Amino acid sequence: MGNAIAIVQRMFYPNWLCWAFFTKSWGLFFSEELYNLTVLFSAALLWQYLSGSARITSVFWSAFWAVAVRRYLAEGLCTSTTRLTGQTVVITGANVGIGRETARDLLRRGAHVILACRSLPKAEEARRSLLGEGGKVEVRLLDLSSLQSVRDFAAGLVKDNIKVHILINNAGVVSCPYMETQEGFEMQMGTNHLGHFLLTNLLLPQMKQHGEPTRIINVSSIASLGGKIDLDDLFLKKKPYDPQQSYNNSKLANVLFTRRLAHLLRGTKIQVFALHPGCVVSSGTRHVLRSTFLRDYVFSLMLKTTLEGAQTTVYCATEAEQHSEMYFSDCAVGWAPDASKDERLAEDLWKLSAQLVKLDE
């Protein structure tokens, strides 16, 4: 019942609807939405023409509704002017999609951004595309489906004495067929949750030691509403494999991890956030939207762009304040799944995760 209420709230009581929605970020909106607005405007004009009601006012109303529909679908846009000069940001999976757009924004704010990616050639291509945005950008190898790779990455940052001020656990696998990580974990739970769980814990000592304000951001999803964590069957081996259920569970695990982490970090200068970026057109959805044409030219009319999807991550990295919901969406406090508020489940999942990744070794 609680999850149904959260969905209704999200549909009919937008948490992002505020004065800034009507008064700010229009330049960003129009520059990002040129294709979608052109298609919707043309479709509206064609409908008016075919219905025999085409007139001068039709042009106005077609333009109005095209802008209104896409502005609503774009939802909250970050209006923060915070500078990040002198701060180091680690973004996992930053070579494509939301991660790359997040990197672009934070570079423009003067940050030193580390693209933590499993494919160095693709990451290097992303780095080149980000040169000239401001700040400093570099690439480091990180394969979240390998715990050894996670340990090597964290050790490299510590060895180079890099102070991490913002950790954005962005990378994720979406509804893929059954696969396993190098350690034999189901791929989605292993990558989306356990890889980030280990990475965060390995960097925590250094974050606490440098003593400067720090943010840890876990990119979850509204799919967490459908998550059902069974600690006795975390990898869904006792029943036929359901890729979507596995994804839902891994995203719920992100929020539970965030809640427990915030509890353990009380009294420190580290803030923790989980977020839903919105429904985004991205290569990460290739296992769900298999047709590139439909994804890029049809569903794009109904979903956020990657830049719009990055807005809540940027908001949490710049001006958001930690909230008891532990969950943000559309640059505002969101409605977390009921299951994510189970403190006992959060604690038990933490203990199991620590055992699985051999955190104390």
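This one's a predicted model, so the numbers in the text were calculated from it and none came from an experiment.
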Could you tell me whether [X] and [Y] have a side-chain N and a carboxylate O separated by less than 4.0 Å?
X	Y	value
Glu212	Lys269	no
Asp348	Arg260	no
Arg127	Glu138	no

Considering all heavy atoms, the nearest Glu183-Gln148 contact
OE2-N, 4.0 Å
Mind checking side chain to side chain contact (heavy atoms under 4.5 Å, CB included) for Ala171 and listing every partner two or more places apart, or none if nothing turns up?
Thr92, Leu144, His196
Report yes if the side chains of Leu265 and Leu204 come closer than 4.5 Å at any heavy-atom pair, otherwise no.
yes
Answer yes or no: is there a side-chain heavy-atom contact under 4.5 Å between Leu199 and Leu142?
yes
Ser42 side chain to Thr38 main-chain N or O, any donor-acceptor pair under 3.5 Å?
yes
I'd like to know if the side chain of Glu125 reaches the main chain of Pro121, judged simply by a donor and an acceptor atom lying under 3.5 Å from each other, with no hydrogens or angles considered.
no
Name all residues meeting the salt bridge (charged side-chain N to carboxylate O under 4.0 Å, His left out) criterion together with Glu325; count only those two or more places apart in sequence or in a different chain, and write none if there are none.
Lys341
Do Asp330 and Thr312 have side-chain N/O donor and acceptor atoms under 3.5 Å apart?
no
For Tyr247, the ring pair (Phe, Tyr, Trp, His ring centres under 6.0 Å) test, sequence neighbours excluded, returns none
Tyr315: which residues meet the ring pair (Phe, Tyr, Trp, His ring centres under 6.0 Å) condition with it, sequence neighbours left out?
none
According to the salt bridge (Lys or Arg N to Asp or Glu O under 4.0 Å) rule, which pairs have a member within residues 306-323, sequence neighbours left out?
Arg70-Glu308
What do you reckon, are the aromatic ring centroids of Trp350 and Phe257 less than 6.0 Å apart?
yes
Scan for ring-ring contact (aromatic ring centres under 6.0 Å, His included) pairs involving residues 98-119, sequence neighbours excluded, and state none if there are none.
none
